[in-house]
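Beneath this line is the structure, given in C-alpha cells, with notes to follow.
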Amino acid sequence: MEIFLDTAEIEDIRKYKDFIDGVTTNPSIMSKRGNDNPLDVIREICDTIDGPISAEVLSENYEDMLKEGKALAAVHSNVCVKLPCTVDGLKTCKALSSEGIPTNLTLCFSPTQALLAAKCGATYISPFIGRLDDIGQDGTELIENIVDIYEVNGYETKVLAASVRGVQHVVQAAILGADAITLPVKILKQCFEHPLTTTGLEKFSADWENRKK
Ligand code: E4P
C-alpha cells in the first residue's frame, strides 16, 4: 500500500521522506502556506520527494478546471491533478486522462462516484472515510465496496483512503486492499508508536546500565 503524507509542509515531508511514497494536498492544506503561490509550493514539494504529488484545482467549471489542471501538470511529471467528484470534475478527469495526465478524484463519498471516476480513467480515487464516520456512516465500508467494484470490473484506478482519523483506519484500509492511503503527520507519527516499545526500550537500557560490573 502506498503511503502519502497529507501536508504541504516541506520540513515534515523531508523528515518522513523515507517512509512515504508521495504527498497529497488540498486547498485547506495549501491555505496553511499563507500567500505562497500554489504552483511554487507544488514545485517545492516535487523537488523534495520523488513520487505522486496530488495538487487540487480551485475552479469548479470544466473549462477552468482543464486550464488549471494543465498548469498544475506542467509543474512536474509527478503531479496528479486533484479534481472533485462532480460532473465537471469527472469530465475534466476524462480529458486529462486522455492526454496521459495523472488524476486523483477527491471528495468521494459513494461507490457510484468511484465507478464513474474509474470509467473516466482516474489514476486514484480518494474516498473520504473520516468525514463519513463523522456523520455516523461507515467510511471503511465505502473502501470495501470500491475495492470490490474495481476488482470485479477490472478497473485500474487505485483506491486511495483519505480523511484518515486514526491508526485503526490505516489497518482497516490495508486489510481491505486499498492501494494507497494519505495520512496527516499526526497519524503517521502514531503508526510508529507503541507504549510497550517505549517502556521496553527504557527497560533494556536500564538493565544494561545496571549490569553486574
Ligand atoms: C486528502 O486527499 C484529503 O484532502 C484529506 O485527507 C481530507 O482530510 P480531512 O477530512 O481530515 O480534511
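Since this is a predicted model, take the numbers as computed values, not measurements. First listed ligand is number 1; within each ligand, the first listed atom is number 1.
With hydrophobic clusters built from ILVMFWY side chains whose heavy atoms lie under 4.5 angstrom apart, V75 does not share a cluster with I29. Cluster annotation: V171 and L160 are assigned to distinct hydrophobic clusters (Ile/Leu/Val/Met/Phe/Trp/Tyr, side-chain heavy-atom contacts under 4.5 Å, transitive).
Taking each heavy atom of V57 and P84 in turn, the nearest pair found is CG2-CD, 4.3 Å.
Near F128, the atoms of ligand 1 lying under 4.0 angstrom from a non-hydrogen atom of the residue are 3 (C), 4 (O), 7 (C). Interface of R131 with ligand 1, defined as ligand atoms under 4.0 Å from a residue heavy atom, comprises 7 (C), 9 (P), 10 (O), 12 (O). Of all the atoms in ligand 1, the ones that sit under 4.0 Å from a non-hydrogen atom of K82 are 1 (C), 2 (O), 3 (C), 4 (O).
In this structure, the protein non-hydrogen atom closest to atom 11 (O) of ligand 1 is R165 NH1, 2.8 Å. Closest protein heavy atom to atom 8 (O) of ligand 1: S163 CA, 3.4 Å. Among protein heavy atoms, atom 6 (O) of ligand 1 sits closest to D6 OD2, 2.7 Å. Nearest protein neighbour of atom 4 (O) of ligand 1, counting heavy atoms only, is N26 ND2, 2.6 Å.
The shortest N or O to N or O distance between S126 and ligand 1 is not below 3.5 Å. Taking only nitrogen or oxygen atoms, main chain and side chain alike, T25 does not reach within less than 3.5 Å of ligand 1.
A side-chain hydrogen bond (donor to acceptor under 3.5 Å, both in side chains) with S126 is found for exactly one of N26, T24, T106, N104, namely N104.
For the ligand labelled ligand 1, residue E56 lies outside the 4.0 Å heavy-atom shell. Ligand 1 is never approached by T106 to a heavy-atom distance shorter than 4.0 Å.
With contacts defined as side-chain heavy-atom distances shorter than 4.5 Å, the pair L105/K82 does not qualify.
For the residue pair D133 and H169, a side-chain donor N or O sits within less than 3.5 Å of a side-chain acceptor on the partner. A donor atom on one side chain and an acceptor atom on the other are not found under 3.5 Å apart for Y16 and E11. Defined by atom type and a distance below 3.5 Å, a donor-acceptor pair is missing between the side-chain atoms of N61 and S59.
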